[in-house]
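The next block holds one structure in the form of structure tokens; read it before the comments.
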Amino acid sequence: MDKKAYVYILFSRRNGTLYTGVTSFLKRRVYEHKTKFHPDSFTAKYDVDKLGYFEEYDSIKTAIEREKQIKAGSRATKLALIEGMNPNWEDLFFLL
């Protein structure tokens, strides 16, 4: 069996800039965004470092397929995902 995989949406502030990604190590990856581990990245440039939403999968392949689906969706769809899981727009990183 494959290890767990995650699709996640980060935000800069409520209704601010969004970023959708996929990873096998959610806590570590969000920490990298927070610390601007890749200083020239989109998330570092726009200060997108708060975890607003995530989904867990049993395979990276399935997670990548879902990431593509979310990225192809509208901004309104992404906002609805965040609002559904996290109506107060808290940084979920601190709950991991």
Side-chain angles (χ1 to χ4, degrees):
M1 182 163 100
D2 293 329
K3 58 185 169 183
K4 299 289 183 191
Y6 302 87
V7 176
Y8 61 95
I9 301 175
L10 301 177
F11 65 96
S12 58
R13 65 186 183 336
R14 186 179 192 110
N15 295 313
T17 305
L18 303 176
Y19 174 83
T20 303
V22 65
T23 185
S24 295
F25 302 101
L26 184 60
K27 191 169 188 171
R28 182 184 71 196
R29 186 67 185 113
V30 176
Y31 179 79
E32 290 172 353
H33 289 293
K34 287 185 167 304
T35 60
K36 297 177 178 39
F37 185 76
H38 301 285
D40 296 327
S41 69
F42 174 88
T43 58
K45 182 177 179 181
Y46 293 98
D47 202 27
V48 182
D49 64 357
K50 295 163 193 66
L51 180 62
Y53 176 83
F54 65 92
E55 298 174 1
E56 181 180 289
Y57 292 91
D58 289 329
S59 78
I60 193 69
K61 181 180 178 201
T62 305
I64 290 169
E65 290 170 3
R66 176 63 172 145
E67 177 201 27
K68 289 177 183 179
Q69 182 184 40
I70 291 172
K71 283 184 171 184
S74 68
R75 177 178 172 82
T77 300
K78 294 175 187 99
L79 293 174
L81 288 172
I82 294 171
E83 290 280 344
M85 173 182 270
N86 186 8
N88 295 324
W89 288 75
E90 296 176 39
D91 186 352
L92 301 178
F93 173 76
F94 299 105
L95 301 177
L96 297 177

Within residues 74-83 or reaching into it, pairs that qualify as salt bridge (Lys or Arg N to Asp or Glu O under 4.0 Å) - sequence neighbours excluded: Arg14-Glu83

Interatomic spacing from CG in Leu92 to CE in Met85 - rounded to 0.5 Å: 7.0 Å

What pairs of donor and acceptor atoms, side-chain ones from residues 44-54 against any protein atom, are under 3.5 angstrom apart with sequence neighbours left out?
{"residue": "Asp47", "atom": "OD1", "partner": "Lys36", "partner atom": "NZ", "Å": "2.8"}
{"residue": "Lys50", "atom": "NZ", "partner": "Ser12", "partner atom": "O", "Å": "3.0"}
{"residue": "Tyr53", "atom": "OH", "partner": "Glu55", "partner atom": "OE2", "Å": "2.3"}

Set of ring-ring contact (aromatic ring centres under 6.0 Å, His included) partners for Tyr8, sequence neighbours left out: His33

Atom pairs and distances, donor-acceptor, side-chain atoms in residues 19-31, under 3.5 Å, two or more places apart:
{"residue": "Thr23", "atom": "OG1", "partner": "Phe25", "partner atom": "N", "Å": "3.1"}
{"residue": "Arg29", "atom": "NH1", "partner": "Glu32", "partner atom": "OE1", "Å": "2.9"}

Same apolar cluster (I L V M F W Y, side chains within < 4.5 Å links), Ile82/Leu96: yes

Ring pair (Phe, Tyr, Trp, His ring centres under 6.0 Å) contacts touching residues 63-86 (sequence neighbours left out): none

By salt bridge (charged side-chain N to carboxylate O under 4.0 Å, His left out) - contacts of Glu56 (at least two apart): Lys4

Listed partners of Glu65 passing side-chain contact (heavy atoms from CB on, under 4.5 Å), at least two apart: Lys61

All side-chain hydrogen bond (donor to acceptor under 3.5 Å, both in side chains) counterparts of Gln69, not counting sequence neighbours: Arg66

Set of ring-ring contact (aromatic ring centres under 6.0 Å, His included) partners for Phe11, sequence neighbours left out: Trp89

Partner residues of Lys71 under the side-chain hydrogen bond (donor to acceptor under 3.5 Å, both in side chains) criterion, sequence neighbours left out: Glu67

Donor-acceptor pair, side chain of Asn88 and main chain of Glu90, under 3.5 angstrom: no

With Thr35 via side-chain hydrogen bond (donor to acceptor under 3.5 Å, both in side chains) - residues at least two apart: none

Residues that Thr62 engages under side-chain hydrogen bond (donor to acceptor under 3.5 Å, both in side chains), provided they are two or more places apart: Ser59

